[in-house]
Structures are given as structure tokens and as C-alpha cells.
Amino acid sequence: MTVADVRIEAMAPRDIDAVRSIDEVVYANPWSVATWRRELAGPDRLHLVALDGDAVVGHAGLLFVLDDVHVTTVATAPGREGEGIATALLVRLLEAALTHGATAATLEVRAADRRPQRLYGRFGFRPAGVRRNYYQNPTDDGIVMWLHDLDGDEVAAMLRELAEPRRPTPTGDSS
Ligand SMILES: CC(C)(COP(=O)(O)OP(=O)(O)OC[C@H]1O[C@@H](n2cnc3c(N)ncnc32)[C@H](O)[C@@H]1OP(=O)(O)O)[C@@H](O)C(=O)NCCC(=O)NCCS
């Protein structure tokens with residue numbers, strides 16, 4: 001299975017249970033059904049799901065704040081990591097942000113979570129500060145990351161590149 005088999009759509013209330021099943025595994029403090037209903041109803045929010053057939057295999061969302069977007073969630077179903085699902089979701093999320101006139105994007109990520117930091121780094125997000133003890137269960141600092149010039153040519157080129165289907169990694173590549 002590759003990301004080519006996955007389609008990305010706006011999240012709907014019918015997806016809440018499946019999304020929560022993923023979040024219960026990957027997040028320490030998953031959102032409640034009530035929070036999800038508010039998120040899906042909020043005019044300043046956008047949530048996307050990655051679907052493989054009828055199965056939700058990932059989701060990502062953002063909050064519009066003036067000219068910025070705040071990426072609030074990115075999660076891939078356990079067992080489906082490394083297929084490019086989160087990459088595909090973020091590409092679509094940032095394209096939608098651009099369509100709405102956003103000029104920068106920001107997010108927080110656990111200091112201990114290197115994998116999402118690498119993912120965001122590939123999109124051009126850079127560390128801009130630390131919120132001490134921002135996360136609980138377990139306690140961890142939050143790294144604040146920013147992607148400036150979201151509406152610039154470099155980001156447009158990078159989004160086109162990341163939207164391409166992944167190429168197999170050559171044997172022996174230890175990067
Ligand atoms: C972090 C997380 C979202 C990544 O999801 P994913 O679907 O596995 O991400 P992708 O497949 O798009 O990218 C992961 C890997 O595939 C590779 N990859 C993906 N797309 C690629 C592409 N187009 N070209 C080359 N490689 C690619 C990357 O090298 C990456 O490897 P790395 O993680 O070792 O750096 C997922 O592990 C997860 O849900 N974690 C728990 C929740 C979480 O921490 N969310 C972030 C909250 S801030």
C-alpha cells in the first residue's frame with residue numbers, strides 16, 4: 001500500500017470515532033467527541049482525513065488566526081507510518097491555507113518527538129522558541145516552529161515536490 005492509494009477529504013462528523021481511535025493510541029490527551037464536534041463546526045478550522053477505502057488512516061487540521069495558520073493536529077494510523085500519509089495531509093492543509101490567503105504557518109511539537117520535527121522540517125518549519133512544560137502526561141517542553149513566507153515561491157516549489165509520489169529509498173542509504 002502506498003500513499004497513491006489514499007485519498008484526502010474534509011473531515012466529517014462520521015469520521016470522529018475513527019479519528020479518535022487513532023488519537024487514543026498516538027496522543028496522550030486525545031480530544032473528546034464534544035471537542036471534535038466544535039472543531040468541525042468552527043468556521044476558522046479545517047480538518048482533513050486520509051482515507052484508504054472507507055478506513056481513516058490519518059488526519060490533520062489547522063486553525064486560521066488572521067494571516068497565520070496554526071497546525072493543531074497531524075496523526076497517522078499506527079501501522080501506516082512511513083507511507084507519506086502525513087506528508088500528503090500537510091501538503092493539502094498548507095495548500096488550503098494558501099487558498100485562504102495565509103502567509104505563515106506555526107505549530108507546537110513535543111521536544112522529545114523527533115519524527116514529527118523531521119516531518120515539519122522537510123516543509124520548511126524552523127524552531128523559533130520553547131514553551132517550558134507545555135505538554136503533560138508525560139511532561140515535556142513544546143518546540144514552537146514557524147514556516148514563514150508560506151506564500152513565497154520557495155514554499156510553492158517545495159509543496160510541489162512533496163506532493164510527488166515518494167521514490168523508493170536506495171539500498172544502503174542511511175539518511
Ligand atoms: C509523525 C507522524 C504524523 C508521521 O506520519 P507518517 O505518515 O509516518 O509521515 P510520512 O510517511 O509522511 O513521513 C514519515 C517518513 O516517511 C518518509 N517520507 C514521507 N514522504 C516522503 C517523500 N515524499 N519523499 C521521501 N520520503 C518521504 C520520510 O523520510 C519520513 O521518515 P522519517 O520519519 O524517518 O523522517 C506519525 O508518526 C504520527 O502520527 N505520530 C504520532 C502523532 C504525532 O506525534 N503527531 C505530531 C503532533 S505535533
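Remember, it's 1-based here, ligands and their atoms both numbered in the order they're listed. Positions are given from 1 along the sequence.
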Derivation and outcome, side chain to side chain donor-acceptor pair (under 3.5 Å), residues Asp23 and His59: CA-CA 9 Å; Asp23 288 0; His59 71 96; 2.7 Å; yes
Sole candidate of Thr106, Leu89, Leu107, Leu63 that passes side-chain contact (heavy atoms from CB on, under 4.5 Å) when paired with Val71: Leu107
Val74 N/O under 3.5 Å from ligand 1 N/O: yes
Subset of ligand 1 atoms that lie under 4.0 Å from at least one heavy atom of Glu83: 11 (O)
Any Glu161 heavy atom less than 4.0 Å to ligand 1: no
Any Arg110 heavy atom less than 4.0 Å to ligand 1: no
Lys/Arg-Asp/Glu bridge criterion (N-O < 4.0 Å) met for Arg37, Glu39: no
Side chains of Met158 and Glu154 in contact at under 4.5 Å (non-hydrogen atoms): no
More than 12 heavy atoms from other groups under 6.0 Å of CG on Asn133: yes
Plane angle bin for Phe64 and His100 - parallel if under 30°, tilted between 30 and 60°, otherwise perpendicular: tilted
Nitrogen or oxygen atoms of Thr76 and ligand 1 under 3.5 Å apart: yes
Selected option - heavy-atom contact closest to atom 29 (O) of ligand 1, from Arg122, Met145, Arg118: Arg122
Side chain, backbone, both or neither: the part of Tyr135 lying under 4.0 Å from ligand 1 by heavy atom: neither
Residue pair Pro78 / Val26: nearest heavy atoms and the distance that separates them: CG-CG1, 4.2 Å
Short N or O distance, Val26 and ligand 1, threshold 3.5 Å exclusive: no
Nitrogen or oxygen of Ala86 less than 3.5 angstrom from that of ligand 1: yes
Distance-only N or O hit between ligand 1 and Arg115, under 3.5 Å: yes
N/O donor-acceptor pair under 3.5 Å between Arg20 side chain and Trp31 backbone: yes
For Glu108, the ligand 1 atoms whose distance to one of its heavy atoms is below 4.0 Å: 48 (S)
Stepwise salt bridge (charged side-chain N to carboxylate O under 4.0 Å, His left out) check, Arg7 with Asp52: CA-CA 7 Å; Arg7 66 187 195 284; Asp52 181 357; over 6 Å; no
Sub-4.0 Å atoms of ligand 1 with respect to non-hydrogen atoms of Gly84: 10 (P), 11 (O), 12 (O), 19 (C), 20 (N)
Contacting atoms of ligand 1, where contact means under 4.0 angstrom from a heavy atom of Thr87: 10 (P), 12 (O), 13 (O), 19 (C), 20 (N)
